[in-house]
Amino acid sequence: MQKNIRQETYKIVKTRPPKRQGELNFSINSGVFTCSECEKEFEKPWLLKRHSKVHHISNQMATNTVLDEPEQAELIVENTIPDANAFDYLSDKDDSSSIGDEEDNIVDEENDIVDNFFDIEMNSNPVFNVFSDMFSSAAASDEVSMTDDDSEIPEEVFETIGAVNDPTSCYPFRDLQTMILFAFIDGDNDMISQRMLKKILLAMNLIIKIQQETPIERTFKLPHLDALLNYQARKKSKMPVFPSQRISVPGSNGDAFAHINLLSDHLRFLMANPKKSKLISSMPDHTPNQSICLEQGEKWRTHHLFQQPMHTVNGIDVWFGNIVYLKTNDCSICFLVESFHTANKNIFARGYLVRAISIVCYGVEVAVTNLRVEQISHVDTTPVERDHYYSISSSLTRLSSAHDFLLFGVHPMKKPMPLSVLPGNVDRDAVFYKVRIVSIILFTDDTSSNRSKQYNPFESWLMKCAALPFKNRNSIANIQFLSTIPKKDGANGMSLLPAIVDDFKKLEKGVKMFSAEDNEYVLVVAPVLWIEADTPCHLELCGLLGPATTFPCRRCYIELRHAKDFVKDLSYFCECHERRTQEHYVLANSSPGRDTEIPNAPKIGMNTPANEISFRDRLTGRLLELQSFDPEKDTPVEILHTILLGVAKYMVIDLVKVVLKNDTATIARLSEFLTDYTRSTGLSRKFTQNLRHSGSFLGRDFKVLLQILPVILITEFSGNHELDLVIPCFVELGRLCSLVFVRQVISDFDNYIIRVDNAVKRLIRALFDYDKGTKNKLHKAYCTKLKVHYLTHLKEDIIRFGPALNYETEKGEQFNKHICKHLFHMNRQNTSRDVCLKFAKQVALQHVIDGGSWINSSGNQEKSGTGIERFIKDNNESLFYYTFFGGSRELKDNNDTEDIEDDAIQNNSFGAFVFKDDPISRPHIGLVSGSVVKFLSIVPRTDNDRNNNYAKAVMTGEHSDVANMNLVCKLDLHIFRNPFYIVNLSKFGSY
């Protein structure tokens, strides 16, 4: 669509004096523009128009007159409002081939007055004059030269305000400032949210406080508007700039352009941030039989890019391949270091004991040994000769390949520091950059720039640092935006992969960055831990066809078809199938037509062309170049889309619209029980939706429904022959959800894995029985659905990464609302660039406020002044961060797995409690009643109780003061069947 470009024309018009009071005539020429009302002269016509509308508009309105004939007062004003994306990057023009919407750029002339309000001179008001001088219009940046000088507000301005601010003269307002704020909020149809109003009021209060505390001999100044909006393009600005990159992306109409905030640039800011630098890097954690952090996952423990090759002990860097002496009395034993890890909150060195066999002969034990770093005394600097070292098993043998590489190989992360940064008396060969491993999680999803989310699709990429604790990792402040791109003209989110992969390949080799924790430059290695996405996007990332194909699984070669003649037994849907390995992905990607034969797939001994088993030609083959990414293993099963928006959605819709389609009485009765459950204190959220609208439920709705529907069905609807087959499906789904919707497993992790695997098999068995047993022709088989099959791979992901809640995409989906918010307010001429710039500014500002350092234009390291931190701490630090830095828009936890706090103990609520003086004792089930906790005991469970996933509890008559108890977790015992309370084990985490 052709753009609407308004061009300025100049026409000399002979003016006549105004005929009526309030009428305005103008004289326009190429030189000076004069107001006929007050004879004030202006250099630009748009300045004259704004002057007249603000200064003389009241006269026009009072006399209800308008300008006479157009030829009597012709005024053509140049469009001075720049595009939202034209804030002085390198050029005010858009990239001609940028991906974006080609919509008309229509300018609202009425909004010109508001947007450029600070351009107008108002000599009669000293306060307005000061603010008019202070804020130079960003709209005039193309017409009037902007300076970086600040304008000051004299003391007499505030004295003038105080002189007229008499409460009795402001009736019915309390004072003048209240009147102004009322006018600001309710004066017209411009909308402002309560959240934005809080920001404005806090900013005003802080600025006024700073002005009042400014010494008389110093000048109080406020910056120009241009200095705030366009600082990244101003040479005199001292603010750090996050460098968004312009990249070329392939499209159906040739190459186009997009913008991206690279991972390496994000890491430079994070590493130089004193509040985040120490949190984003971590060692593998080898604590046995638990999973409380991602470092305990199998990939982090075993993949070579995640292993820490060095650690500083007693001020000395101990490296991979170093032989160290131990703090023992036996000098004949040394230790050959391989890597470092943690276990039970202690740091250990992993390696091999070295024994002195003779004066010139040493033996390296084959068995791996772990010892605490406190046992290391110092590093042996004696040169190592290959002829003097052997491996020890049952006897002396030649050095094994592992031992040989340790002693004589060079670790790829061991990079020497340049001579320019070393003191003159230090041996260059002995000093290397410290290494920090920063594992990265990627997330990709689609969103929309349209409020209905049906049009203008976009695809975006985000990143998180995996070493952060669960709560911090899912905080909005720690989710980093990479890029967004319109899904059109053959371009989509996968078009950004070449730039992302190229950056990742550098990070896998190591990039030198300044570390605030170490106060020096270190080598940052950043492998990818996994990529989060929904099911279709995961298939696209793996270069496979969609979920409706015959071989849809990205993990194995199971055949799934919906045809009636596709008949398989139960074991087929529960057993393991031939794996779709990384080698297969590489083979398939080796030919453009995907016609390479894949050995032993889908059946052993059968070679099959790749394009016949769902491989297709995509841009995502670049991901195979990464050492840390395996498309088979590093695209974990995502429980939001697989369980909640998959299996749960199938079953709820089936229950309402198939099983109970014509049974309105049963649906009404079920709805009553769901409504009654809103009184339960065991859940943080309430289910308030109408069951008949189940097709439009969101993930958070299913999270609540799945915790209460199984126990309602089993206790209130048992014996209903219409529900006999479907109730076991809900019971088994509730059992599985109780297991997987947990943040961590503190102990007995091996047993937890077995229980998850058994719960999956029980669920598939129930679904299989329902598929076979139902006579309803509207029912569609569950077991042939891809999302049901993915549950069989859930155990593998939990072993590799940890509990499934860690890679749920809900927080990334919630972050989409912020991307959409920015897209709504862009002019859609260059959305990729504009959104990247907005998020880049947020990163840079947060970095400065946190006291981070950066490289200035001269190449020197500098950091924010100490006055910033001092001022924030002195002025309600928590309120400052909450108001200005996203606290009011924090991502919501809908999992009932939030941290237990003291205020979580509410009256009439049930929970598991331990005594404060005996925190490791067995928890007690209790009911909070006033200031005491009344204890309950579990009745021995019957087979029926176990099969239906609930327990029964009765009051014991014992109690204790609330003050003596600590709450371990909240429980749901809402249903009471005298004398039993029903313990709902479908509640998340109740297993």
Side-chain angles (χ1 to χ4, degrees), residues 95-100 242-268 305 440-447 457-463 480-511 525-533 536-544 554 582 585-594 615-631 634-635 819 830-833 835-837 839-840:
D95 298 321
S96 58
S97 57
S98 293
I99 299 292
F242 191 103
S244 296
Q245 303 294 326
R246 181 174 180 265
I247 61 173
S248 174
V249 297
S252 58
N253 298 325
D255 285 353
F257 296 98
H259 283 71
I260 185 171
N261 297 340
L262 292 174
L263 297 95
S264 55
D265 292 323
H266 276 294
L267 290 179
R268 285 189 177 91
L305 285 179
I440 300 297
I441 298 170
L442 289 179
F443 169 81
T444 182
D445 192 27
D446 56 348
T447 184
F458 281 73
E459 292 190 351
S460 58
W461 284 87
L462 309 174
M463 64 161 276
Q480 313 299 333
F481 175 83
L482 298 183
S483 183
T484 190
I485 186 173
K487 191 176 180 181
K488 60 184 296 186
D489 298 332
N492 57 22
M494 301 303 135
S495 304
L496 301 170
L497 274 179
I500 294 175
V501 169
D502 289 341
D503 197 38
F504 249 125
K505 288 167 69 175
K506 297 176 183 177
L507 290 169
E508 286 184 340
K509 295 179 180 178
V511 177
V525 178
V528 60
L529 186 60
W530 69 67
I531 299 180
E532 291 176 8
C537 191
H538 265 158
L539 290 172
E540 188 175 10
L541 283 168
C542 294
L544 300 176
R554 60 182 183 268
Q582 184 177 24
Y585 281 101
V586 173
L587 279 174
N589 194 57
S590 62
S591 60
R594 298 297 186 265
F615 288 103
R616 66 173 298 179
D617 193 2
R618 291 187 182 272
L619 294 174
T620 55
R622 288 293 310 275
L623 283 170
L624 297 172
E625 300 175 17
L626 298 179
Q627 301 178 54
S628 56
F629 180 74
D630 183 341
D634 297 332
T635 52
I819 300 176
N830 198 338
T831 48
S832 181
R833 181 188 66 186
V835 178
C836 275
L837 176 67
F839 280 105

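Predicted model only: the values in this text are computed from it and were never measured. Counting from 1, the numbers follow the sequence of the chain as shown.
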Restricting to side chain to side chain donor-acceptor pair (under 3.5 Å), what partner residues turn up for [X], sequence neighbours left out?
X: R616; result: none
X: N589; result: R594
X: W461; result: none
X: S460; result: none

For [X], side-chain contact (heavy atoms from CB on, under 4.5 Å) partners two or more places apart:
X: S590; answer: T596
X: P250; answer: D255, S495, L619
X: Q480; answer: H266, L270, M463, V843
X: P457; answer: K487

[X] (side chain) donor-acceptor with [Y] (main chain) under 3.5 angstrom:
X: S628; Y: V528; answer: yes
X: R554; Y: T635; answer: yes
X: E508; Y: Q627; answer: yes
X: S832; Y: T484; answer: yes
X: N492; Y: M494; answer: yes

Could you tell me whether the side chain of [Y] reaches within less than 4.5 Å of the side chain of [X], counting heavy atoms only?
X: L541; Y: T444; answer: yes
X: L442; Y: F629; answer: no
X: H259; Y: S483; answer: no
X: L623; Y: P631; answer: no

- Can you sort out the partners of F443 under ring pair (Phe, Tyr, Trp, His ring centres under 6.0 Å), two or more places apart, ordered by chain and number?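 F443 satisfies ring pair (Phe, Tyr, Trp, His ring centres under 6.0 Å) with no other residue.
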List for me each residue that meets salt bridge (Lys or Arg N to Asp or Glu O under 4.0 Å) alongside [X], sequence neighbours excluded, and say none if there are none.
X: E540; result: R618
X: K505; result: E625
X: D265; result: R268

- Task: Check the pair L626, V501 against side-chain contact (heavy atoms from CB on, under 4.5 Å), reporting the backbone distance first and the verdict last.
- Result: CA-CA 7 Å; L626 298 179; V501 169; 4.0 Å; yes
